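In what follows, a structure is listed as structure tokens, so that the remarks can point back to it.
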Amino acid sequence: MSDAKNEIGVAVLGLGNVGSQVVRIIEESASDLAARIGAPLKVRGIGVRRVDTDRGVPADLLTDNIEELVSRDDVDIVVEVMGPVEPARKAILAALEQGKSVVTANKALMAASAGELAAAAESAHVDLYFEAAVAGAIPVIRPLTQSLAGDTVVRVAGIVNGTTNYILSEMDSTGADYASALADAGALGYAEADPTADVEGFDAAAKAAILASIAFHTRVTSDDVYREGMTKVSAADFASARALGCTIKLLAICERITDNEGQERVSARVYPALVPLEHPLASVNGAFNAVVVEAEAAGRLMFYGQGAGGAPTASAVLGDLVMAARNRVQGGRGPRESKYAKLPIAPIGLIPTRYYVNMNVADRPGVLSAVAAEFSKREVSIAEVRQEGMVDEGGQRCGARIVVVTHQATDAALSETVAALADLDVVQDINSVLRLEGTTE
Ligand code: NAP
């Protein structure tokens, strides 16, 4: 503790959506938080870019000198809610090296630099907490690191990006195409002006890296995560998914798998996938998030709630702040990083899943058997085929659409099959190839 009044000095870096809610809750709940911690929290300073803007906090708290703020002797804990990777990384490293505990909501940073930051926290014997970096308000980091510390986690799968879930839910419920659902999400404030990080899966991949690292005691970074965005999912895919009793979700999946040589590996991947309507993730709609954890002894656990937004994210930040402050008061620190397993990363080609392939074909006899033969040659077993005729603008038959759903096959076998299908002269277009998750047949 930094002073004789036993106050815990806090520096808050960032006063935007999340930071302003963090500061509000610290002020409004001061006496409850003091009772829970055993000492009062005191905000010593707030780091922003523009100090001359009125923000409803005492002006003397604002500073644009982040380096000076995190180095102050009366600061015990640094709360980093400014993003992006830099200058946040530099500020957090400086804070840790000077013996301050750190709470951050910065998923991009934790997915890229967790090792470096954890090492700095370890040498300084301080806490580094990041519950808010994955799925906003939803407690998932602490359950994985603490509640399930004695169990063996085998799979973590979730919807961890509210923007894309909002867009996909809109497409499903209204029949809208991707562009108009994205425009709606932007108008309602669910999508940023540049939605690339969300719709191309980068944000979900960062969260998958964090979840996989913790669940499997192995360092996993964003670069290890296989990633496909959801911009090519079409209204026609939703219609086909419905006919198959499914919806489509952008999933982050982290799995412990055993390869053909008996080697245990970690798979972390993000892609849009068909999900059966009876699966718990199928009913997670709008901007909500959910994470399903499967552990050997616990079985299946589901965490659901608001994955973003100022106040929900601030709730997770405050939870970490209270933990770090309690540790300061009582002496000691929370659990350290656990990366002992050091499992290799599984390449996507090894991963078995079910597939949905939607293609336009010539409308003539023998087409179906030619298509089926390409699957069979690569031992990709077909579970279901649907075919419907297509008509042109003049009402003339102009081909057929075939939807094939496979049993489990490796990504490598399916990719070869799709390449061979595209070369068949009876196949006019491969409209889409999506995975089907949530069933194993
Ligand atoms: P935001 O609204 O854009 O606010 C960012 C704040 O940080 C602003 O106050 C900004 O100062 C300050 N800042 C940015 N760069 C700075 C710099 N170089 N030096 C000093 N101050 C700087 O962001 P946010 O939505 O609150 O998100 C903050 C962090 O939380 C990000 O890492 C984000 O990924 C994470 N997060 C956000 C959510 C969410 O729902 N928003 C959910 C989970 C995690 P000015 O005000 O002067 O511009």
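Atoms within each ligand, like the ligands themselves, are counted from 1 in listed order. All residue numbers in this chain count up from 1 along the given sequence. None of the values given here were measured: they were computed from a predicted structure.
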Taking the six-membered ring for Trp, are Tyr304 and Phe288 parallel (under 30°), tilted (30 to 60°) or perpendicular (over 60°)? parallel
Any side-chain heavy-atom pair of Tyr178 and Ile167 under 4.5 Å: yes
Could you walk me through whether Val292 and Val156 pass the side-chain contact (heavy atoms from CB on, under 4.5 Å) test, one step at a time? CA-CA 6 Å; Val292 176; Val156 181; over 6 Å; no
Is the terminal nitrogen or CZ of Arg227 (NZ for Lys, CZ for Arg) located under 6.0 angstrom from the six-membered ring centre of Phe202 and within 45° of that ring's axis? yes
Element-labelled atoms of ligand 1 that are located less than 4.0 Å from some non-hydrogen atom of Gly83: 15 (N), 32 (O)
Minimum distance, heavy atoms only, to atom 8 (C) of ligand 1: which one of Asn106, Leu15, Val12 is it? Leu15
Checking Arg142 against Tyr129: charged group under 6.0 Å from the ring centre and within 45 degrees of the axis? yes
Closest to atom 37 (C) of ligand 1 (judged by heavy-atom distance), picking from Leu13, Val18, Asn17: Val18
Out of all atoms in ligand 1, which are within 4.0 Å of some heavy atom of Ala308? Include the element for each. 40 (O)
Step by step, work out the side chain to side chain donor-acceptor pair (under 3.5 Å) result for Gln408 and Tyr355. CA-CA 7 Å; Gln408 280 208 335; Tyr355 290 89; over 6 Å; no
Have Asp194 and Thr196 got a donor and an acceptor in their side chains that come within less than 3.5 Å? yes
Does ligand 1 have a heavy atom under 4.0 Å from the side chain of Ala105, from its backbone, from both, or from neither? both
Before you tell me yes or no, could you show the steps for Cys246 and Val275 under side-chain contact (heavy atoms from CB on, under 4.5 Å), namely the whole-Å CA-CA distance, both residues' side-chain angles and the distance that decides it to 0.1 Å? CA-CA 5 Å; Cys246 294; Val275 178; 5.9 Å; no
Nearest non-hydrogen contact to atom 17 (C) of ligand 1 from the set Arg55, Arg49, Glu192 belongs to Arg49
Could you tell me, atom by atom, which parts of ligand 1 come under 4.0 Å of a heavy atom of Lys107? 34 (O), 36 (N), 43 (C), 44 (C)
Evaluate Ser180 against Asp177 for side chain to side chain donor-acceptor pair (under 3.5 Å), listing each step before the verdict. CA-CA 6 Å; Ser180 60; Asp177 62 14; 3.0 Å; yes
Per atom 5 (C) of ligand 1, closest listed option by heavy atom (Glu86, Met82, Lys207): Met82
Evaluate whether atom NZ of Lys42 has more than 12 neighbouring non-hydrogen atoms of other residues, nucleotides or ligands under 6.0 angstrom away. no
Checking heavy atoms under 4.0 Å, the part of Val48 that sits near ligand 1 is both
Proximity to ligand 1 by part of Ala133, non-hydrogen separation under 4.0 Å: neither
Atom indices of ligand 1, in the order listed, that fall short of 4.0 Å to a heavy atom of Ala132: 43 (C), 44 (C)
Could you find the nearest protein heavy atom to atom 4 (O) of ligand 1 and give me its residue, atom name and distance? Gly16 CA, 3.3 Å
Check ligand 1 against Val81 and write out every atom of the ligand that is under 4.0 Å from a heavy-atom position of the residue. 28 (C), 29 (C)
Closest heavy-atom approach to atom 42 (C) of ligand 1 among Ile66, Thr313, Val85, Asp52 is made by Thr313
For atom 45 (P) of ligand 1, what's the nearest protein heavy atom and its distance? Arg50 NH2, 3.3 Å
Do Ser20 and Arg55 have side-chain atoms, one donor and one acceptor, less than 3.5 Å apart? no
Show which atoms of ligand 1 fall inside a sub-4.0 Å distance from at least one heavy-atom site of Gly309. 39 (C), 40 (O)
Using a 4.0 Å cut-off to any heavy atom of Pro87, which atoms of ligand 1 qualify? 18 (N)
